[in-house]
Protein chains: 2
Amino acid sequence: MDALDRQIIAALRTNGRATYADLGRQVGLSASAVHERVGKLESSGVITGYHAVVDPRLVGLGVTALVGIHPSDTADDDEVAAALARLPEVESCYAVAGDEAFVVKVRVATVDDLERTLVRLRRIDGVARTNTTVVLSTRFEGRPNSPEEPAPRAE
Amino acid sequence: MDALDRQIIAALRTNGRATYADLGRQVGLSASAVHERVGKLESSGVITGYHAVVDPRLVGLGVTALVGIHPSDTADDDEVAAALARLPEVESCYAVAGDEAFVVKVRVATVDDLERTLVRLRRIDGVARTNTTVVLSTRFEGRPNSPEEPAPRAE
DNA sequence: GGTGAAAGGATAAAATG
DNA sequence: CATTTTATCCTTTCACC
């Protein structure tokens, strides 16, 4: 992991579909050198994947909420996390310090769906209570913060 | 936006580097048909970009926190959001309902850095108080939840 | 909308410095 | 480690349906 690797990672974070030839031009290496480096970054687990980013509103997921999950006394964290993972509406799940066991990010189409999802969350064994914060607007999300990045916008 | 588009989106969410030929095989179209559809999805703003996903711990960002931003009485939300965007440690920023104006996700290397970042956050004009929740572990993050997905893993 | 063909480019896997 | 090379595959455009 040298400066070149970090440059390549930064480039792939802003444009995950950049070709190896492009990356090579950006960092001053041949395409095959970049290819080999990226392969190593992937197999060493530094790069875990590549995702298209979609505007949630345009795919029918206009409602986002952050939900704190309060555990019951008998809760098994791993079981709760596994149950949370089974709900497709739960996009992210963080185990946290504090009264809550987890904070999850939920994306659904409507507030009705949100209500249904919250009912499902509260029915999970080990969940005592939920504390929901509705997201009014996403100002920015998932910015690459590691190295130098001029713009938060992608592609 | 038909079922084919949704399939293509799902495929690109799980593997943002899938080739058009790959996508074509997955959805039963020719590569050029997929190419045209993806182009339209991009220019219509449905697909906003492609990002490599990196293991934060392996790039020196082992500490994650969720920070609620309490506004002062005179706060201008847009100015606060702009100031938050200027801090590279702030990866995501959500305007929320409730006492807090924003919830942000912060990623830093150490708890020392977290403390420094919190000081900077509280110094922002319009920020009265912060409420920090330290993330102990990320169980999963950024899963594609839209359509059918067998595995949350990418690539 | 889709297909298929063809030129130009990119990838992947060698051998080499 | 990077480069160059090579065969193979992919991208991109275009004529056509």
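Letters A, B, ... mirror the listed sequences (proteins, then strands); counts begin at 1.
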Task: Nucleotide interval of DNA chain D bounded by contacts with chain B (heavy-atom cut-off, under 4.0 Å) - done: D:dC10 to D:dT13
Open item on the list: Could you report the tightest heavy-atom contact between A:Gly60 and A:Ala109, atom names first, then the distance?
Closed with: O-CB, 3.2 Å
Open item on the list: Pick the closest DNA chain D nucleotide for A:Arg17 and for A:Ser30 by heavy atoms, then say which residue is nearer the 5' end.
Closed with: A:Ser30
Open item on the list: Output the rounded distance in Å from CZ (B:Arg25) to P (C:dG4).
Closed with: 14 Å
Open item on the list: Taking any heavy-atom pair under 4.0 Å as a contact, classify A:Ala31: base, sugar-phosphate, or nothing.
Closed with: nothing
- [ ] Output yes when A:Glu115 and A:Arg122 qualify as a salt bridge under the 4.0 Å nitrogen-oxygen rule, no when they do not.
- [x] no
Open item on the list: Given the ring of B:Tyr20, does A:Arg17 sit roughly above its face, with NZ or CZ under 6.0 Å from the centre of the six-membered ring and within 45° of the axis?
Closed with: yes
Open item on the list: Expressed as a whole number of angstroms, how long is the span from B:Tyr20:OH to C:dA5:P?
Closed with: 21 Å
TODO: Would you tell me if any nitrogen or oxygen in the side chain of B:Arg37 comes within less than 4.0 Å of OP1 or OP2 on C:dG1?
DONE: no
TODO: Could you tell me whether A:Asp76 atom CG has more than 12 heavy atoms of other residues or ligands within 6.0 Å of it?
DONE: yes
Task: Atom-to-atom span, CD of A:Glu36 to C1' of C:dA12 - whole angstrom - done: 11 Å
- [ ] Can you check whether any acceptor in the base of C:dG2 is under 3.5 Å from a donor in the side chain of B:Ser32, or vice versa?
- [x] no
Open item on the list: Which heavy atom of A:Gln26 sits nearest to which heavy atom of A:Ala11, and what is that distance?
Closed with: OE1-CB, 3.6 Å
- [ ] Look at atom CG of B:Asn131 and say whether more than 12 heavy atoms of other residues, nucleotides or ligands are closer to it than 6.0 Å.
- [x] yes
- [ ] For residues B:Leu84 and B:Ile69, report the shortest heavy-atom separation together with the two atoms involved.
- [x] CD2-CD1, 4.3 Å
Open item on the list: Restricting to side-chain contact (heavy atoms from CB on, under 4.5 Å), what partner residues turn up for A:Leu87, sequence neighbours left out?
Closed with: A:Glu89, A:Val90, A:Arg120, A:Leu121, A:Ile124
Open item on the list: For a stem of at least 3 consecutive Watson-Crick or G-U pairs with distances under 3.5 Å, i pairing with j, i+1 with j-1 and so on, which stems involve DNA chain D?
Closed with: C:3-17 with D:1-15
